[in-house]
Amino acid sequence: MQAGLHNGLRSGSLRGLAFKAARCKHTAVSAAKSSVIRDIHDKITSKECTAVEVTQRYLDAISKTDPKICSFITVDADQALSQARAIDAQIATQGTEGIKVLSGVPLAIKDNICTQGTRTTAGSQILRDYVPTFDATAVSRLRAAGAVFLGKTNMDEFGMGSSTENSSYKATRNPWDPDRVPGGSSGGSAAAVAARECAAALGSDTGGSIRQPAHFCGIVGLKPTYGRVSRYGLISYASSLDVIGPMAHTVEDAALLLNAIAGADAHDATSSGQPTVDFAAGLLPAASLQGGSRPLAGRRIGLVVETLGEGVAPEIDAAIRAAAEHLESLGAVVEEVSMLTFSLGLPAYYVLALSEASSNLSRYDGVRYGVRTAGAADLPSMFCGSRGEGLGGEVKRRILMGTYALSAGYYDAYYKRAQQVRTLAQREMNFALASFDALLTPTAPSPAYR
Amino acid sequence: MQSSAWAASAPASRCAALLQPLPHKLAPKPFTAVSNMYHFNPLTTVAPAPGAAAAMCSSLGSDTSLFMRPLPLSAASSPALWGQRVVCRSAATVAPPTQTAASAGTEVEYEAIIGIECHVQLLTRTKAFCSCPSEFGSQPNSNVCPVCLGHPGTLPVLNAEMVTLAVRAGLALGSEIARISKFDRKQYFYPDLPKGYQISQYDEPICTGGRLEVEVDGQLKSFGIIRAHLEEDAGKIVYAGADRLSGADYSLVDFNRAGVPLLEIVSAPDMRSGRDAAAYGEELRRVLRTCGVTDGNMAEGSMRVDVNVSVRPRGSTVFGTRVEIKNMNSFSNMQKAIDFEIDRQVSLLRAGRGSDIVQETRLWDEIKLVTNTMRKKEGLADYRYFPEPDLPPLNVSDEFIEQVKASMPELPAAKRARYLSLGLTRGDVAVLTDEIATSQLFDAVLALGTAVKPAANWIQGDIMAYCKEAKIGMDALAITPATLAEMVSLIENGTISGKIAKDILPDLLQGKGNKGVRAYIEKQGLLMISDEAAIGAMVDKVLEANQKQLQEFRAGKTKLQGYFEGQVMKESKGRVNPGLMKEILLRKLNGE
């Protein structure tokens, strides 16, 4: 498991994936220690195995594991194998010279990220038959980098939820313990990575939707800075907060994915024009940290006190403090910092996210695509019928609240006030980051719950 | 599409349903009459459902947690945002007309208050937020893409050309150009609105203020502009199964127009009559066409006007109830519609039925020449405007504005002043500046040294008549300014007669003289005959053939001279030098 390709290519067995429902508590799921992506890359370029073999192993793993975990809404085996064959053909004709680090690496894509020719539902019945005619920019960049797409992962409908129980298709289970939730809304991607049904995955994060499921499933998840990754092709929940990001086994894998997807995009006016860097360049191998090495000397890290203490599970509190100590042992100075706007963040987030969502989801009206109710007698019943049938309860609740917050007479009290809070929080965050290199907080107040 | 090993064994029946073949969702749904249109069926209610009506659908769960409470922050919220709208539409403010005035009888004099909202389609090559062509008249749903169809995941990207044209319009109207403006979402449900909201500008438009000087029946008037803002157009609904909305079986939507860039120009409520409004509209169109902002084609909908009309007793300072009129496809119709509406409202007030004037939208019926209720407004529509999060604020630099300023053409008012200074009459100036192509040809001919008077006469006389007859614009003529200038100079120097010029003008207008008018005339054998002997021979022939009239002339009926002149002209097929011919004819008539 630890050595070699993590789902057992060398031995031909599916070690680590071969848990059964009865056994899978406390058993074979374990975290990878070294880059899975580099491992696959090495095996393909050394011709130890073909890209088709790699992809087939993951497809086999999905067949075997996913009936239990339910990470995927759509698996597109034909497409994945044909992408893998293209890599093998390239190696056969041109050698391994042009093989990039993601060439032939099987990935899973959250189902709110558009994939040309492959159904994209955002976890909603209203898009149950929707097949995009274009790739999201993040997807087209991965495609250009040679990545293989296994399929589309389950999620809370339109990203609205944090357990993946709000998917209109099925509930995803936590591979470490099927009785627990995988988190959400990118729960399908997190579980697929943790269950080794893919080498890594794309998720999206509006208010924790990458970070929290990554935490619940014991993988690495990163919400990049807003604008770092193009949103073009990401089905909008809250436009001013939505970000696509990597979910992977290791920090290095996340960095390699981010390298491929980051950067300005002419299709997204809110994407950042700042040049990107090689996010994997500064990483040190864990082995180099032995023997009193202090690579973090001179770094200051702030431990946000509002995120610890009351309401936080003791094991979470302990883990964060242990992490702080570990960072100190590597040379960093860790200091407690208080951020007064912290408690205001959540209510402000909900007002803004729901306001934007109420607008973004107006397009699902049954006119051009998506579900249209049968036999409506007039226009209002067509709109209401299609949306009533196609959208789930949580989505409707959030649309209602967002619609209310933007209504005449309430705009100032809710939307505008929330924007003011956002400005304050931004200022405080910038202020804190002026004196600290990084801030340390738990991802969530508890581990994965049942 | 899906591999099925896992899914086939999925316990939930919903999962199994997913394995059905997926229809290709971009393909239009099947229907009968017109191909390539999105259809819905049937349609009985057309009023947009503003607000949450359509958003709030049935079957909510019970767990409605309340996230939103006003936050205990001290910063006072400013009412300016919402207040501004009322200021912008001051003509619209509802205040019932004073009943005392109405009941006082017929001696009360009323005045009308008229404001105009004008949507012009900007002359960009592509749409406002995607790269689809912005052209009119294509096959339904052929100029569309995922962005302008509002597909999931798509984002708008601002067309820079649209900003340039808005700045041009603002400069031409004397508006303040905002260095920073922003886009907002105007939200309502309607089948022709792909995203469920229109990207527009609400409280920070690109142009604010401005003025348009207009001559109305010889009197110079100045009408204020409140603002001009950028927005995108919606698609077009076609009612099928009947020739009008009522009775239609179903409706089809063509999204070619969805996302086409518009500039909405809102006037101050400064107009007092249909004539004022029409003059404002005509001048606005002329100015914007001159700047290349729009083609202003009202028939194709690239210029659409909505007018707000209210009346009040003269001297009153409050506004009467505003009525909006739509569906006017020409300025003369607009004038008639407004005058009808003023009469209607004044009659109601005089009859003591002022309360029958309600805030509503009325449609102009150009056959019956009346306005009819289209929809009553039940309270103010709540469009839930909020800042468009997909587009950053729009920054327009001083440098950019200077660049646009430097590229501005001469505006109609300046052109009129220049023509007047050339000694042309107001009437001539009005005709020559009405259409851009006319003044362009005129200026080009003047630039070649042609005298003002003949140039003006030819252009607004025979050439304009030709264009009217052929139903073409002056810019569609093949003649070059040089050809026209040469023709005028050939008349002036006696090479051809005015009569010949009139005869050959249609050929010249079709470009047949563009290689040199003189060469063309020689080839046609139309040079003026100035040879005395030749003229003398023609005169002799005419006198010979008209002995009776010659006797009468010599007996004293000298007014027959004109008759003889006509006969000689006819004999020469119009080519004879008129001065010389008259001289020789008179000599011979008198028997000299």
Side-chain angles (χ1 to χ4, degrees), chain A residues 62-63 66-67 74-77 114 119 129-131 133-134 136 169-170 231-235 239-240 267-270 344 347 350-351 355-356 358-359 362-363 365 367-369 378-380 382-384 387-388 393 396-397 399-401 403 405-408 412-417 420-421, chain B residues 1-3 5-7 9-10 12 14-15 18 22-26 38 40 43-45 49 51-61 64 67-71 73 75 77 82 146 149-153 155-158 185 187 189 191 194-197 253 382 384 386 389-392:
Chain A
I62 292 169
S63 307
D66 216 58
T74 303
V75 173
D76 198 340
C114 288
R119 183 177 66 143
D129 295 329
Y130 181 70
V131 179
T133 57
F134 65 97
Y169 296 94
K170 53 194 167 183
R231 289 186 296 121
Y232 188 71
L234 170 63
I235 296 180
S239 311
S240 72
H267 291 296
D268 177 3
T270 63
L344 302 176
Y350 268 106
V351 171
S355 295
E356 291 180 16
S358 72
S359 176
S362 295
R363 67 189 61 200
D365 57 6
V367 175
R368 289 143 294 126
Y369 51 78
D378 57 22
L379 186 56
M382 187 189 101
F383 282 155
C384 290
R387 290 167 69 78
K396 286 176 197 160
R397 261 192 296 283
I399 290 174
L400 270 174
M401 288 191 281
T403 302
L406 288 176
S407 297
D412 284 0
Y414 295 117
Y415 184 84
K416 196 174 171 195
R417 183 60 58 94
Q420 289 166 337
V421 171
Chain B
M1 173 139 310
Q2 300 88 358
S3 106
W6 61 275
S9 60
R14 272 193 301 190
C15 294
L18 289 172
L22 301 170
H24 192 278
K25 290 308 290 181
L26 257 190
Y38 293 85
F40 49 92
L43 184 142
T44 55
T45 308
M56 299 184 190
C57 296
S58 55
S59 65
L60 275 174
T64 310
F67 291 108
M68 286 164 298
R69 296 219 161 77
L71 295 165
L73 271 188
S77 56
W82 297 99
L149 287 177
H151 273 241
L155 297 171
V157 177
L158 180 63
R185 292 184 181 177
Q187 309 190 70
F189 284 89
K195 299 184 292 294
Y197 56 84
V253 198
D382 181 3
R384 288 169 290 127
F386 79 107
D390 289 334
L391 291 168

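Letters A, B, ... mirror the listed sequences (proteins, then strands); counts begin at 1. In this text, all values refer to a predicted model and were calculated from it rather than measured experimentally.
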Atom OG in A/S355, atom CZ in B/R185: separation rounded to 0.5 Å?
11.0 Å

Heavy atoms of B/P146 and A/T133 approach each other most closely as CG-OG1, 3.5 Å

Honestly, the part of B/Y197 sitting under 4.5 Å from a heavy atom of chain A is side chain

For B/G153 and A/F134, which heavy atoms make the closest approach, and how far apart are they?
C-CZ, 4.4 Å

Donor-acceptor check, side chain of A/R368 to backbone of B/L149, threshold 3.5 angstrom: yes or no?
yes

Cut-off 4.5 Å, heavy atoms of chain B, and the answer for A/Y232 is both

Report yes if some heavy atom in the side chain of A/S407 is under 4.5 Å from a heavy atom in the side chain of B/R384; otherwise report no.
yes

For chain A, which of B/P152, B/G196, B/G150 has the most heavy-atom pairs under 4.5 Å?
B/P152

Could you label the plane-to-plane angle of the B/H151 and A/Y369 rings as parallel, tilted or perpendicular, counting under 30° as parallel and over 60° as perpendicular?
tilted

Heavy atoms of A/T270 and B/P389 approach each other most closely as CG2-O, 3.5 Å

Quick check: do A/T403 and B/Q187 have side-chain heavy atoms less than 4.5 Å from each other?
no

Check: B/P194 main-chain N/O paired with A/R363 side-chain donor or acceptor under 3.5 Å
no

May I ask you to test the A/F383-B/P191 pair for a side-chain heavy-atom distance under 4.5 Å?
yes

